[in-house]
J.: 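The structure follows.
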Amino acid sequence: MFTGFHASASALTANRLRMDVVSSNMANAETTRGELVDGEWQPYRRKMVSVTPNQSKQGFQSFLHNELNGVRVSAIERDNTPFKLVFQPDHPDANEEGFVQMPNVDPLREMVDLMGATRSYEANVTALNASKNMLLKTLEIGK
C-alpha cells in the first residue's frame with residue numbers, strides 16, 4: 001500500500017545527495033589544494049553519485065516488484081579525468097614553468113547535473129503528492 005511512497009522517498013533522498021555533491025563540486029571548482037598525496041597537494045577531484053535500483057529479491061518475481069523498491073545510492077565516485085593546466089606564474093602552487101593544476105570541475109556540466117537532479121526531485125514530489133491524493137480519495141469511498 002505504501003510502496004509508492006517508499007519509491008518516491010528513496011528517489012528524493014538520492015536526488016538530494018546528487019544536489020549536495022554538485023554543490024560541493026561547484027564550491028571547490030578553484031581549489032588547488034584538495035588533498036595531500038605523498039607530501040604534495042593535489043587539486044580537488046570532481047565527485048559523481050551512482051544511483052542503482054534497490055533490489056531485494058532474486059528471480060522472476062523481483063522483476064515484477066523492482067519498480068516499486070525505489071533506488072539507492074551505490075557509490076560516490078571520483079572523476080579521474082586529468083586536471084586542467086592554467087598558466088599563472090604568480091600562483092603559489094605554480095610549477096617551474098608557471099603552470100597550475102586546476103580541478104577537473106566543469107561549471108557548465110555541474111549546472112546540467114544540478115538541473116537534472118532538481119527536475120527529478122520535483123517529479124518525485126509530484127508523484128508523492130499524487131499517491132497521497134489517491135489514498136485520500138480512497139478513504140472517501142466509504143463515506
J.: Using modelled atom types only, decide if a donor and an acceptor are shared between the side chain of Thr138 and the backbone of Met134 within a distance under 3.5 Å.
T.: yes
J.: Taking Lys47's backbone N and O only, do any of them form a donor-acceptor pair with Asn25's side chain (distance below 3.5 Å, no angle check)?
T.: yes
J.: Side-chain heavy atoms under 4.5 angstrom apart, residues restricted to Ile, Leu, Val, Met, Phe, Trp, Tyr: same cluster for Val125 and Leu135?
T.: yes
J.: Report yes or no: does Asn28 contribute a side-chain atom to a donor-acceptor pair with the main-chain N or O of Thr31 at less than 3.5 Å?
T.: no
J.: Should the heavy atoms of other residues, nucleotides or ligands under 6.0 Å from CD of Glu140 be counted, would the total exceed 12?
T.: yes
J.: The criterion is side chain to side chain donor-acceptor pair (under 3.5 Å); which residues satisfy it with Ser24, sequence neighbours excluded?
T.: Tyr44
J.: Indicate the atoms forming the closest heavy-atom contact of Ala94 with Pro89, along with that distance.
T.: CB-O, 4.2 Å
J.: Can you tell me how far apart CE (Met111) and OG1 (Thr118) are? Round to the nearest 0.5 Å.
T.: 8.5 Å
J.: Identify, with sequence neighbours excluded, every residue that meets side chain to side chain contact (heavy atoms under 4.5 Å, CB included) alongside Gln42.
T.: Glu35, Val37, Phe83, Gln101
J.: For Met115, does the CE atom have more than 12 heavy-atom neighbours from other residues, nucleotides or ligands under 6.0 Å away?
T.: no
J.: Would you call Phe99 and Gln88 a side-chain contact if the rule is heavy atoms closer than 4.5 Å?
T.: no
J.: So how far is it from Thr13 OG1 to Arg72 CZ, rounded to the nearest 0.5 Å?
T.: 14.0 Å
J.: Would you confirm whether Arg46, through its side chain, and Glu110, through its main-chain N or O, come within 3.5 Å as a donor-acceptor pair?
T.: no
J.: Please list, chain by chain and in numerical order, all residues satisfying salt bridge (charged side-chain N to carboxylate O under 4.0 Å, His left out) with Asp106, sequence neighbours excluded.
T.: none
J.: Give the cluster check for Val22 versus Leu17: same hydrophobic cluster or not, with ILVMFWY residues linked at side-chain heavy-atom distances below 4.5 Å.
T.: no
J.: Atom CZ in Arg16, atom CG in Leu12: separation rounded to 0.5 Å?
T.: 11.0 Å
J.: To check you understand the geometry: which heavy-atom pair defines the closest contact between Arg18 and Ala117, and what is its length?
T.: NH2-N, 3.7 Å
J.: Between Met26 and Leu114, is there a shared hydrophobic cluster once you connect ILVMFWY residues whose side-chain heavy atoms come closer than 4.5 Å?
T.: yes
J.: Any sub-3.5 Å donor-acceptor pair from Ser10's side-chain atoms to Val71's backbone N or O?
T.: yes
J.: Restricting to non-hydrogen atoms, name the atom on Ser131 and the atom on Phe5 that form the minimum distance, rounded to 0.1 Å.
T.: CB-CE2, 3.8 Å
J.: I'd like to know if Leu128 and Tyr121 are part of one continuous hydrophobic network [Ile/Leu/Val/Met/Phe/Trp/Tyr, side-chain heavy atoms within less than 4.5 Å].
T.: yes
J.: Taking side chain as C-beta onward, heavy atoms only, is Glu77 less than 4.5 Å from Val49?
T.: no
J.: Heavy atoms, side chains only, cut-off 4.5 Å: are Lys84 and Asn104 in contact?
T.: no
J.: Kindly indicate, with the supporting measurements, whether the criterion salt bridge (charged side-chain N to carboxylate O under 4.0 Å, His left out) is fulfilled by Arg33 and Asp93.
T.: CA-CA 8 Å; Arg33 296 183 180 189; Asp93 294 327; 2.7 Å; yes
J.: Using the rule that two of Ile, Leu, Val, Met, Phe, Trp, Tyr join whenever any of their side-chain heavy atoms come within less than 4.5 Å, decide whether Leu85 and Phe87 are in one cluster.
T.: yes
J.: Quick check for you: to the nearest 0.5 Å, what is the distance between Leu108 atom CG and Asp113 atom CG?
T.: 10.0 Å
J.: Determine whether Asp79 and Arg109 satisfy the following criterion, side chain to side chain contact (heavy atoms under 4.5 Å, CB included), listing intermediate values before the conclusion.
T.: CA-CA 13 Å; Asp79 187 359; Arg109 177 192 290 176; 3.4 Å; yes
J.: Any chance CD of Glu122 has more than 12 other-residue heavy atoms, nucleotides or ligands included, within less than 6.0 Å?
T.: yes
J.: State, yes or no, whether a side-chain contact exists between Asn15 and Asn124 at a heavy-atom distance under 4.5 Å.
T.: yes
